[in-house]
Amino acid sequence: MSKTPQSDVLLFSALFNERGVLASLVVTQVIAVVLAFAPHAQGDIWLRLGIISLFLHLIVLSSTSSLYIARHFLQKRTRALQLSLFFVSFLLFTSMFSVLFSRFAFDINTNEHLIYFVIQNTIIVAFLVALFVQFLLIYAEKEQQTKALSRAELDALQARIRPHFLYNSLNTAAELTHHDAAAAEQAILALAALSQAAMRSGQSVLLNDEVTLSKQYIALETWRFGERLKVNWHIPSDLPALNIPCLTLQPLIENAVCHGVETSEDGATINVELHITTGYITMIVSNPITASKEQTRPNNGMALDNIRQRLNIYYKNKAQLTITNRDGVYRVKVVIPKHIENSV
């Protein structure tokens, strides 16, 4: 298992999400209870519990907050420096709050007792932080393994995306060269853009670029199907600068073309909708259902399942892909978060 520090990896990033903060508070409170109910404890136990709880929670929250503020700086530093500053942060706030609490909570009046009190608290916190660092290192290694496994799975799924239109598009471009050289050039350029996108496994692109890619795909298929293929675009005129996984919208449209247009003698009209709300991006692609079952192409569910798996890996199960088949219309709806955090 490699111990080489990696750039842009923050070892204690798990502390900054909801579960991490909650876990830190719970563990801190458990430690406070153990210390308050320790044998030979003097004074009112419940008052002692309240003071120790406040003391420890202030240390943890202050240290975590300072590390969160400096996360962008720490993220680009080595593992050793990250851990060193992690220790320094906790020990510094432990010493500071020890001095403050010694005056009004623990009735320490002499310098000797104050020094002993600060050193005692610092040693206890240093021991607890050392144990906590061990858990952080184990968690970081496991997180790296999980991401590597997810990356391998995502690459495998991405490799299975074989555009059904590849050979047909090449034939279309070859035919166009005989009577429309300009159209043949545009077809080849569109095919090149789609092939390049297929190789960008798991990478993110701007939402506007994904829409442009989808329109290039439609232009390519229009030369093939002619009047049989019609598309209604319901997309905002000004798209925000949001990143989404490459090949998110285009495969949905390709699926509609393959199973709604190609299998129909009369062709079909595909509706493409894009809605942007406060926290999510919603894509809806619908097409008429082919009446003839003999012409229905196989692997429709497999292609959509591939898309669902890729989105779940990329968004850590926060994406949704739903399918409805109603009143002769096949409708695929994808809802993904607007912001990508810690993607694979």
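Heads up: numbering here begins at 1 and tracks the sequence. Remember, it's a predicted structure, so these values are computed and weren't measured experimentally.
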When you compare the side chain of [Y] with that of [X], does any pair of heavy atoms fall below 4.5 Å?
X    : Y    : answer
L249 : V272 : yes
R308 : N312 : yes
L137 : R79  : yes
L56  : L35  : yes
V332 : L304 : yes
Y217 : E254 : yes
I307 : L321 : yes
L207 : I276 : yes

Could you work out, with side-chain contact (heavy atoms from CB on, under 4.5 Å) as the rule, every residue matching V21, not counting sequence neighbours?
L25
Between [X] and [Y], is there shared hydrophobic-cluster membership here, with clusters defined by ILVMFWY side-chain heavy atoms closer than 4.5 Å?
X    : Y    : result
F86  : L61  : no
Y280 : L239 : no
L311 : I284 : no
Y68  : F93  : yes
I52  : L100 : yes

If you take all heavy atoms of [X] and [Y], which pair is closest and at what distance?
X    : Y    : value
I270 : V257 : CD1-CG2, 3.6 Å
P251 : R310 : CG-NH2, 4.0 Å
V205 : E210 : CG2-OE1, 3.9 Å
F90  : L67  : CE1-CD1, 4.4 Å
A36  : I45  : O-CG2, 4.0 Å
L49  : A32  : CD1-O, 3.7 Å

Would you say that more than 12 heavy atoms from the other residues, nucleotides or ligands in this model lie under 6.0 Å from the [atom1] of [X], or not?
X    : atom1 : result
N325 : CG    : yes
F16  : CZ    : yes
H72  : NE2   : no
H113 : NE2   : no
F225 : CZ    : yes

Kindly confirm or rule out a cation-pi arrangement of R77 over F73, judged by NZ or CZ under 6.0 Å from the six-membered ring centre and within 45° of its axis?
yes
Check the pair V285, N271 against side-chain contact (heavy atoms from CB on, under 4.5 Å), reporting the backbone distance first and the verdict last.
CA-CA 6 Å; V285 179; N271 291 297; over 6 Å; no
Any donor-acceptor pair under 3.5 Å linking the side chain of [X] with the backbone of [Y]?
X    : Y    : answer
T248 : P245 : yes
Q250 : S214 : no
R228 : A268 : no
K230 : E227 : yes
S62  : L58  : yes
E273 : M283 : no

Atom [atom1] in [X], atom [atom2] in [Y]: separation rounded to 0.5 Å?
X    : Y    : atom1 : atom2 : result
T64  : I59  : OG1   : CD1   : 11.0 Å
S286 : I323 : OG    : CD1   : 13.0 Å
T324 : Y330 : OG1   : OH    : 8.5 Å
N111 : S102 : CG    : OG    : 9.5 Å
L92  : F87  : CG    : CZ    : 14.5 Å
C246 : D209 : SG    : CG    : 9.0 Å

side-chain contact (heavy atoms from CB on, under 4.5 Å) assessment of I218 paired with W233:
CA-CA 11 Å; I218 289 297; W233 300 92; 3.7 Å; yes
Could you give me the CA-CA distance, side-chain angles and deciding distance for L81 and T78, then say whether side-chain contact (heavy atoms from CB on, under 4.5 Å) is met?
CA-CA 5 Å; L81 182 58; T78 63; 3.6 Å; yes
Is it the case that the side chains of [Y] and [X] hold a donor-acceptor pair, with the cut-off being a distance below 3.5 Å and no angle test?
X    : Y    : result
S89  : S66  : yes
N121 : S98  : yes
Y116 : E112 : no
Q29  : S53  : yes

Output, in order, the C-alpha distance, side-chain angles, deciding distance and verdict of side-chain contact (heavy atoms from CB on, under 4.5 Å) for E221 and E262.
CA-CA 10 Å; E221 292 289 47; E262 185 175 354; over 6 Å; no
